[in-house]
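Presented below is the structure to which this report refers.
Every value quoted in this text rests on a predicted model; they were computed, and no experiment measured them.
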Number of protein chains: 2
Amino acid sequence: MVAGPTSTGPGKERLRLWIRLLRASRTIEAELRERLKKEFDTTLPRFDVMAALYRSPEGMLMSDLSRFLLVSNGNVTGIVDRLVSEGLVTRARRNGDRRTSMVRLTEEGSKSFAAIAAAHENWVGELLGTVSEDEARRLTGMLKSFRSNWEGRE
Amino acid sequence: MVAGPTSTGPGKERLRLWIRLLRASRTIEAELRERLKKEFDTTLPRFDVMAALYRSPEGMLMSDLSRFLLVSNGNVTGIVDRLVSEGLVTRARRNGDRRTSMVRLTEEGSKSFAAIAAAHENWVGELLGTVSEDEARRLTGMLKSFRSNWEGRE
DNA sequence: TTATAAAACTTTAAGCTTGAAATAATTGCG
DNA sequence: CGCAATTATTTCAAGCTTAAAGTTTTATAA
């Protein structure tokens, strides 16, 4: 996914775009992962889950998390397990539907996330520093319309 | 990495961009992974390694692969191991420097890759279909300059 | 009711991924 | 030369990831 086009033709320009997109996101992702590890001894998947929960103080179902984060159900199970065992998150069995459980940040998890998120936002600002605010807005617009055109997820 | 900004401020626009970038690449990546599995019973990492080797008929060192694909050394070892055991790739010990080995596609690997790459290019064209050729060129340019400004890898 | 299907989740097996430690070969320098 | 540092690679442990199969609970409908 990271090599160059192997031919010329109609799809070439879009293939180039895809390769650039992928290389850019991998490079940034690698840098963020490294800093999360070094500075906060955590991982990107944990950060993702906590970020989602931080936006939903009322809690989220496992399936909400899985859908929102674009990862599989089983995947979320493992990450939440570990967050629970670290005291950052709780799984609350529900009376209404006993198949499901509400996942929420604990007090500690919320505090912890706020600190990490602040650093994270600065890192992203730094790593994308060469993109002007205006360019960022335009790029975001292009990517947004692309996704929402392609399929209905959010 | 996939949730929205948690605050307003100067870095907000770039954080939005990063989230869009990540969601776009994850969505496309997931779709490509699924099709590679279904249609060719292979994986993205295998495809990446084969794509790199296809561009270098003379072969690549393990460290070349690792650098080019932006993944760790140990990672490449495992993927190449599996490709070797499937007869798609060879590791040739070198006389000059016996620490290293040249990795090459076999005849079969080369044929196999050519077929997969053709399908792959069509898929990408389809998945990025809502982006015009012209827009694709502009986006690519932005992403390219961003990366080369940020650091010296290629 | 009461089977049967559907939904929410967990478990499992296989593979991917990293960072760190271990091996082995080469290079450089006193 | 001889040995310390460097380089190329593999091994390892832990965690991430998916698809598929399994479990439990809820909904449907004959």
Identify, with sequence neighbours excluded, every residue that meets side chain to side chain contact (heavy atoms under 4.5 Å, CB included) alongside B/Thr43.
-> B/Pro45, B/Arg46
Taking 5' to 3' order, which nucleotide of DNA chain C is first and which is last to have an atom within less than 4.0 Å of a heavy atom in chain A?
-> C/dA7 to C/dT18
Whether each nucleotide of nucleotides 8-21 of chain D has a protein heavy atom under 4.0 Å at its base (B), only at its sugar-phosphate (S) or at neither (-) is summarised, 5' to 3', as SBBB---SSSB---
When you look at B/Glu58 and B/Arg104, which way does the salt bridge (Lys or Arg N to Asp or Glu O under 4.0 Å) test go after all the steps?
-> CA-CA 7 Å; B/Glu58 71 285 6; B/Arg104 285 190 195 81; over 6 Å; no
Side-chain heavy atoms under 4.5 angstrom apart, residues restricted to Ile, Leu, Val, Met, Phe, Trp, Tyr: same cluster for A/Leu105 and A/Leu61?
-> no
Please name all residues satisfying side chain to side chain donor-acceptor pair (under 3.5 Å) with A/Thr100, sequence neighbours left out, ordered by chain then number.
-> A/Arg94
May I ask you to say whether A/Glu31 pairs ionically with A/Arg35, meaning some side-chain N is under 4.0 Å from a carboxylate O?
-> yes
When the side chains of residues 72-82 of chain A are checked against the rest of the protein, which donor-acceptor pairs come out under 3.5 Å, sequence neighbours left out?
unit_1, atom_1, unit_2, atom_2, d
A/Ser72, OG, A/Asn75, N, 3.4
A/Asn73, OD1, A/Ser66, OG, 3.3
A/Thr77, OG1, A/Asn73, O, 3.4
A/Asp81, OD1, A/Arg91, NH1, 3.1
A/Asp81, OD1, A/Arg91, NH2, 2.7

Partners of A/Asp64 by side chain to side chain donor-acceptor pair (under 3.5 Å), sequence neighbours excluded?
-> A/Arg67
